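All remarks here apply to the structure that follows.
Heavy atoms only: backbone and side chains are in, while hydrogens, waters and symmetry mates are out. For clarity, every value in this text was computed on a predicted model and none was experimentally measured. One-based numbering along the sequence shown.
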Amino acid sequence: MSEVQLPIRQVAARLVVDGLITDEAPPYPIKLTLSGAYSSGGGFPEELIINGAVVTITDNGDRTVQLEQDPLLPSYYWVRDTTFRGQAGHRYTLKVVMPNGTVYVSSPELLAPVAPLDRISAEYQRSDGSFGQPDSYRILIDTHDPATLGDYYRWSTFSYVPRWTSFDPQHPPSSGTDVCNTCSCWVPYYSQLTNVLSDALINGNTISHRQVFNSPVYATGKQYVEVRQYSLTRSAYQYWTHFEEQRSRTGSLFDPQPASIEGNVHQQADTTVLALGYFGASSVSKQRLVVRGDTIQYDKFLNRLNKSFIPPGHCPDNFSIFQLGPPVGW
């Protein structure tokens with residue numbers, strides 16, 4: 001059988017923008033890169049980093065702040081001026097002057113107000129055991145949509161989850177074995193960024209028990225959860241909707257070919273030349289929840305899962321991000 005040579009489409013590198021300004025206190029990060037091949041297993045490719053760009057954000061055309069490039073993470077440019085804070089009702093424009101002089105600007109992005117989160121809660125969900133999935137807490141929110149039509153939402157959630165390695169704390173190795181002081185830790189887990197909603201069908205009503213995250217349960221103990229509710233413009237809502245459509249493709253032969261998801265940033269001299277990604281502006285409402293976890297029966301939990309979520313080694317061997325104690329300030 002002869003080898004089939006598939007054609008590989010060569011695409012010129014494009015500017016990729018990822019970031020937003022909010023009504024929370026700065027700093028605000030904006031990530032700027034070039035599109036290209038990237039493997040998550042290695043470091044970020046040097047050739048995709050944009051060094052020396054001049055990046056500014058303008059508020060309603062009245063005030064402009066210049067961003068500072070991060071010396072340690074050069075893909076990120078930061079608003080660090082504490083007097084420059086996003087305000088609801090204002091429009092914000094991002095401008096990027098590339099090292100070669102090419103100028104990109106965003107469409108002015110309205111920072112719309114957002115309804116406050118009324119309540120967040122957690123419901124335990126037992127796994128059916130398929131595909132090695134853990135049990136989880138369904139993280140749910142309640143909020144009330146304003147009476148005005150045209151509100152759009154996005155939710156972002158993270159949780160600090162207890163993890164064990166080598167053994168569980170109540171059944172340590174027999175005496176004489178060195179005690180492992182890094183075999184229990186907390187590991188952060190994050191939601192997808194594409195949990196969005198339009199109020200077209202629920203305008204003016206309560207958004208009740210909206211699930212925003214599944215927080216995995218790998219060990220017994222407290223979980224620490226934070227939910228952020230963001231306002232979106234209509235164009236930002238459409239961007240994240242298209243982003244989710246591509247992310248959730250089944251990968252079958254009948255799927256349409258993926259297209260670049262173009263956002264709201266374009267070349268100043270030629271508006272048909274678009275960057276990838278999106279520059280957003282959002283109001284934020286956030287709440288935190290401590291899930292006690294004391295209703296889980298310890299030994300029954302271990303026996304049912306056959307300790308399948310206790311990997312060998314220490315926390316540093318298994319998790320790229322972890323901390324030995326729960327988060328401070330909760």
Stepwise salt bridge (Lys or Arg N to Asp or Glu O under 4.0 Å) check, Arg85 with Asp59
CA-CA 10 Å; Arg85 181 168 182 165; Asp59 173 1; over 6 Å; no
Do you know the tightest heavy-atom contact between Leu117 and Gln287?
O-NE2, 2.8 Å
Indicate the ring-plane relationship of Trp164 and Tyr298, choosing parallel, tilted or perpendicular according to the 30° and 60° boundaries.
tilted
On a heavy-atom basis, the closest approach of Asn318 and Pro312 is ND2-O, 3.0 Å
Validation row: Leu20, Tyr278 side chains within 4.5 angstrom (heavy atoms)
no
Can you check whether Leu67 reaches Trp78 side chain to side chain, under 4.5 Å on heavy atoms?
no
Donor-acceptor contact present, side-chain Gln69 to main-chain Gly52, <3.5 Å:
yes
In a check of side-chain contact (heavy atoms from CB on, under 4.5 Å) between Tyr224 and each of Val161, Val290, Val291, Leu289, which one passes?
Val290
Counting heavy atoms not belonging to Tyr76, are there more than 12 under 6.0 Å from its OH?
no
Would you check if Val284 and Val114 make a side-chain contact, meaning some heavy-atom pair closer than 4.5 Å?
no
Are any of the side-chain heavy atoms of Leu140 and Val212 separated by less than 4.5 Å?
no
Aromatic ring centroids of Tyr189 and Tyr218 under 6.0 Å?
yes
For the student: nearest non-hydrogen atoms of Ile310 and Ser166, plus distance
CG2-N, 3.6 Å
Would you say Asp70 and Tyr77 are linked by a side-chain donor-acceptor pair, where the criterion is simply a distance under 3.5 Å?
no
Side-chain (Asn60) to main-chain (Asp62) donor-acceptor, under 3.5 angstrom:
no
Does any non-hydrogen side-chain atom of Gln66 lie less than 4.5 Å from one of Val54?
yes
Is the side chain of Gln229 donor-acceptor paired with the backbone N or O of Ala115 at a distance under 3.5 Å, no angle test?
yes
Cysteines Cys183 and Cys315 with SG distance under 2.5 Å:
no
Any side-chain donor-acceptor pair under 3.5 Å between Ser215 and Gln223?
yes
With the side chain counted from C-beta on, respond yes when Asp199 and Leu149 share a heavy-atom pair under 4.5 Å apart, and no when they do not.
yes
Can you tell me if Glu109 and Thr233 form a side-chain donor-acceptor pair at under 3.5 Å?
yes
Are there over 12 heavy-atom neighbours, none belonging to Phe243, within less than 6.0 Å of that residue's CZ?
no
Measuring only between side-chain heavy atoms, which start at C-beta, is Ile207 closer than 4.5 Å to Asp142?
no
Could you check whether His171 and Asp168, counting side-chain N and O atoms only, form a donor-acceptor pair closer than 3.5 Å?
yes
Using a cut-off of 6.0 Å, state whether more than 12 heavy atoms not belonging to Arg234 lie near its atom CZ.
no
Do Arg288 and Trp330 form a cation-pi contact, if we require the NZ or CZ to be under 6.0 Å from the six-membered ring centre and within 45 degrees of the ring's axis?
yes
Between Arg63 and Asp81, does any NZ, NE, NH1 or NH2 come within less than 4.0 Å of an OD or OE carboxylate oxygen?
yes
Within a strict 4.5 Å, meaning less than it, do heavy atoms of the Thr33 and Ile49 side chains meet?
no
Using only atom types and a distance under 3.5 Å, with no angle test, would you say the side chain of Tyr237 pairs donor to acceptor with the backbone of Val196?
no
Heavy atoms of Phe309 and Arg163 approach each other most closely as O-NH2, 3.3 Å
Could you tell me which non-hydrogen atom of Ser198 sits nearest to which non-hydrogen atom of Tyr152, and how far apart they are?
OG-CE2, 3.5 Å
Can the ring centres of Trp186 and Phe158 be said to be less than 6.0 Å apart?
no
Where do Ile57 and Leu94 come nearest, in terms of heavy atoms and distance?
CG1-CD1, 3.8 Å
